[in-house]
Amino acid sequence: MSDQKRLFLVDAYALIFRGYYAFIKNPRINSKGVDTSAIMGFMNSLLDVIKRERPDHLAVCFDKGGSADRVEMFEAYKANRDETPEAIKIAVPYIQDILKAMHIPIMVKEGFEADDVIGTLSKQAEKEGYKTFMVTPDKDFAQLVSENIFMYRPVFGGGYETWGIPEVQKKFEVKDPLQVIDFLGMMGDSSDNIPGLPGVGEKTAKKLLAEYGSMENLLANTHELKGKMKEKIEGAKELGLLSKKLATIMLDVPVTFHAKDFELDQPNLPKVTEIFQELEFRQLLANFEKTFATETSTETTSTSNKTEIQTTPKETASAGAGQFSLFGGDISTSKETETISEFTRKTVETTSHFYQSVSSGMATKLFIKNLMNQTSVCFDTETTDINPITAQLVGIAFSWEVGKGFYVPFPEHKDEAQALIEQLRPFFENEHIEKIGQNLKYDIKVLAKYNVEVKGKLFDTMLAHYLINPDMRHNMDVLAETYLNYTPISIEELIGKKGKNQLSMREVSLEKQTEYAVEDADVTLQLKEHFEKELGDANTKKLFDDIEIPLLRVLAAMELEGINLDEKFLNSLSAQLENDIKSLETKIYAEAGEEFNIASPKQLGDILFDKLKLVDKPKKTKTGQYATGEDILSYLAKDHDIIQHILDFRGLSKLKSTYVDALPTQVEPSTSRVHTDYMQTVAATGRLSSNNPNLQNIPIRTERGRQVRKAFIPRSKDYILLAADYSQIELRIIAALSKEETMINAFKNGEDIHASTASKVFNVPIGEITREQRSNAKTVNFGIIYGVSAFGLSNQTDLSRSESKELIDTYYLTYPKLRNFINEQIDFARENGYVQTVLGRRRYLNDINSRNAVVRGAAERNAVNAPIQGSAADIIKIAMIHIYEKLQAGNFKTKMLLQVHDELVFDVYKPELETIKTLVKTEMENAYALEVPLDVELGIGNDWLEAH
DNA sequence: CTAACGACATA
DNA sequence: GTATGTCGTTAGC
C-alpha cells in the first residue's frame, strides 16, 4: 500500500437512503416509536468504512437546498422524486450531531449538491497529493475517477468495491471516465430526472459512445444515423446537451480542503454514547467502542476474550443421582459477575446462569415434584421440525427463576417419549400453574399431538409484545436484544444454516441442547416480567387476557383440525386450465408475431410497447420497465385483442399456480387435510393473517376463480359446510363510532346501505337508483373506510377528479358526523401518538405530525382505517372465542375451521345443523354491542362455494 | 440459492 | 386511499 495520505469523502444522503431501504422490510423502531433505520444504516456504513480503511482524513458531505443551477437549467430536475420518508428527515439532525461528537467535519454548501462538494474537494485534495475515496453507491461519481480519485462503493450483501480508472472503463465501456457524463446524458437517469435522449437506454448509449466518443460529436454527426433513431435524436439535440449539463458534477463549489480539519480524530465518547443511548443503539455502540478502542487501547474488554469473562462459574451441569438437592434448594447465583462493559450485549457466555439437564428416571421424578410446586413456569419445546403436526419432541425446557432452568430431553423412540410426556402431563394439565412461553400456539400444537392439553393461565410474550408495539417484529432474539440487552444463542449457531447440511435438533449434543433450550425459557421468563408491566401501562391487559390469549387456543384447535380438500377435482380443474392457457398462449404468440415469456413483465412490456407500439407514451415502473399492470392494460383491452388475451392468460396462470396446483401439495399426508397457520402477531391493525397455505385469499370475484372454492369440502358425508359472514361490518362500525344517525337508521331498517347512500347522495328515490349510482356510492362508502381522496376515488370510478370531489362533498353533507369522526381520529392521533379500537387495541402513528404532506396523509388515513379494521378484527375474535367455548362445552362434533376477516367457516355435523346455525349467528351478532345491529348471513353447502 | 419486484388473490 | 400472502421472473451472490 502506498504511503500517500488518504482522504475519504462520504456522500451522506446516498448512504442514508441506502441504509433506510436496507431496513425497509423490517424497520428499526425503538421503544419510543422512533424509526431509526436510516440513522442505523448510515452509522453502520460509516463505522464499517473507518474499521476497514482507517482513513487519515475523512469528511461527510450533505446536500443543502438542492442545486439552484440545475433547477434553473431544467425545472423538472429531480422534481418527481418521491417525498423523503420521515425516518430520513429525522435522521439528518441526529447524524450531524453524532458526526460533531465524532469530530468529523460536515461539509455543506447552500445551493449545491453533495456530488458537487465531493467533486470539488477531491480535485483540490488531488492537487495536494492525496488519494481520495468517494464513499457512495451512486454511479454518477464515476466521472470524477482519476489516478488519485476512486469510488468506494458499498456492494450489496456487505463489503466494498473500489472503482479506479480500469473499473470505470470496463463498467461503462468508455476510454476516459469523463465520458461517463456523456453516457449518463444519453441514457438519462430517472432517479435524478435527467431526461436523456429519447429511445436511448443503456445499450444504445454504450454503442453511440463507442462510435462517437461524446454527446457533442454525436449531435454533430446525426446525419450518419438512420431510421427512427435519427429522427428522434435530431429532434432532441437541445435536450441532449441539457442532459449532459445536468449530469455534470461541478468542480467549482466555494469550499476549501484544509487537511488539518479533515484529520480523523478520537471521538468524544461520552457524547456519542449519550446519543446512541437515546436512540437505543446498543449493538452499534459496542461496535463503535471497539472500532475506536483497538487502535489506542488494549484495556477495553472484548467479547472474544473469553478467558477474562469466564470468571463467571459456568454451571451447565448434568443431574445424575446424588445431585438431587439442586432441584429443591436455593442456588446462589452471583449477580456481581458481569465483567464486561455495560454497553456490550450480554450472552450466555457472559451471564451467570444455572441450566441443568434432567435425564435419569429418579432425577426426572424429583424434578417433576418440584415443578408441580410452582405457580408460574416458563416452558419451551424443542422439536425436530417447524411443522408442529409432524414435529417430534426432542426436549422441553423449564424455567421459573431468572437465570435458572432445567431441560428434559426426550427419547427418540415413540413409546418412550409418550411415557415421558405422561409423567409431565400433570404439570401441563394443571389448572393452577401459569404457563409462560414465546409463541405458545406452536408448543400447544406439538403437545396436542402427544394428546396433552395445556391448561391453566397462559402468558405468551410474543402476543404481549404484539399488543405493546404492533409495528415491530416479535421474534425472541429481537425482543431479548431490545428489552434485555441480551443476545441469545442463535439457532443457526446450533444447527447450521438452513439448506444443505442443517442438523436436526436431535443431532445436537445434550449440553448444547440444554444451553440453548433453557436459555430460551429463561429469556422468555425475563421478557414476561418486562411485558407484564408494559401491558398495564398501555391499558391493554384486558385485551391480552380476554382476547389474544384465549384466541391462541382457538387458533391452535382450528389449525390442528385443518380442512378437507377435493384433490381430484382440483386436478381436473388444473387440466382444463392448462388447456385454456395453452390456447391463449398460441393466440398471443400469433398476435405478437413471435414467441416470448408472457409471464415476464419485462419481455411483455418490450413486445407491447417497443414492438407493437400500442401506446405512444407508455408508463414506466420505478425500475424503468414498462408498466404492464392490470389497471394499465385494461384500458387498452378494447382496442387490441392481444391485451384481453394477456389479461386472461395472467388470470388463469395465477389461478393455476397459486391455488389449483399449489393447494394439493399442501395437504398434510398424516391427516389428509390442509392446515393453514394463522399469524396472530403480524397485521398491525389486529387482523389475523394466514399462510402455508394462505386460505384468506381464495378467489371469489371471477367465475373461473370461484371454482377453486368447490375444492373445500366437509370432512365426510355426515358433515356440511357452514359459512357465516358479517354483513358490512366495517361500515356498521364507522356508523356506530361516528354516531351518524342517518347511516345508523339505514342499518337499523335493514336497508341496502349502498343503495341507501346513493339515494341520499344523488337525491333520487331508492327505487330509481341506477346501477352506476349504486356502484359509485359503494365506492365512496369503502373509500371512507380507507381514508378517501378525490384522486383515489376518480381512479376507482369513471368519475373525473372534480366530479369525485363533488361526490365526496355531497357525501359528507349527507353524513356530516362521519367527517367529524374522521377529524376526531386524526386529532386524537396527533395528541396521543396512537389511535385505538373499541377494545383499546392501539396502533402508533409516528408520522401523524410530519411536516411532509404525503407522509402525514398516509398516517392520517391509517388513523381512520386502523380503528375500523381493527375493531372489526376485535369483534370477530370475540365471536370466535365464544363459539369455540360453546362448541367445547356442548361436546359438539361440529368444528370451526377457517376465519377470513369477516367470515367463519364450520364443518357442521349434520344432526347439529340447526343448533349450530343459531349458536353461530347469535354469538357473532352479539359479540360486541354497538349502536348499530350486527348482521350475520349464513350459508350452507357441500363445498365452500355452495355455502356462500 | 436468495431477495427484490411486479403482478394479483382476498377482506 | 386500508390490511395481507404467494407466484414467476430476474439480478446478484
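Please read these numbers as outputs of a predicted model, since none were measured by experiment. So that the names make sense, note that chain A is the first sequence line, chain B the second, and so on, each numbered from 1.
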Open item on the list: What is the distance, to the nearest angstrom, from the CG atom on A:Asn697 to the P atom on B:dA7?
Closed with: 18 Å

TODO: Would you kindly give the CD1-to-P distance between A:Ile734 and C:dT2, to the nearest whole Å?
DONE: 15 Å

Task: Sole residue of A:Ile876, A:Ile868, A:Leu934 in side-chain contact (heavy atoms from CB on, under 4.5 Å) with A:Ile729 - done: A:Leu934

Task: Any A:Arg687 side-chain N or O less than 4.0 Å from OP1/OP2 of B:dA11 - done: no

Task: A:Thr685 versus A:Gln869, closest heavy-atom pair with distance - done: OG1-OE1, 2.7 Å

Open item on the list: Whole angstroms only, please: what is the CD-C1' distance between A:Gln625 and B:dA7?
Closed with: 14 Å

Open item on the list: Rounded to whole Å, how long is the line connecting atom NZ of A:Lys654 with atom P of C:dT9?
Closed with: 13 Å

Task: Any N/O donor-acceptor pair, A:Gln869 side-chain to C:dT2 base, under 3.5 Å - done: yes

Task: Ring centre gap for A:Tyr589 and A:His645 strictly below 6.0 Å - done: no

Task: Distance in angstrom units between A:Asn694 CG and B:dC8 P, rounded - done: 17 Å

Task: Whole-Å distance separating the CD atom of A:Glu630 from the P atom of B:dG6 - done: 17 Å

Open item on the list: When you measure only distances, ignoring hydrogens and angles, does the side chain of A:Arg701 come within 3.5 Å of the base of B:dA9 through a donor and an acceptor?
Closed with: no

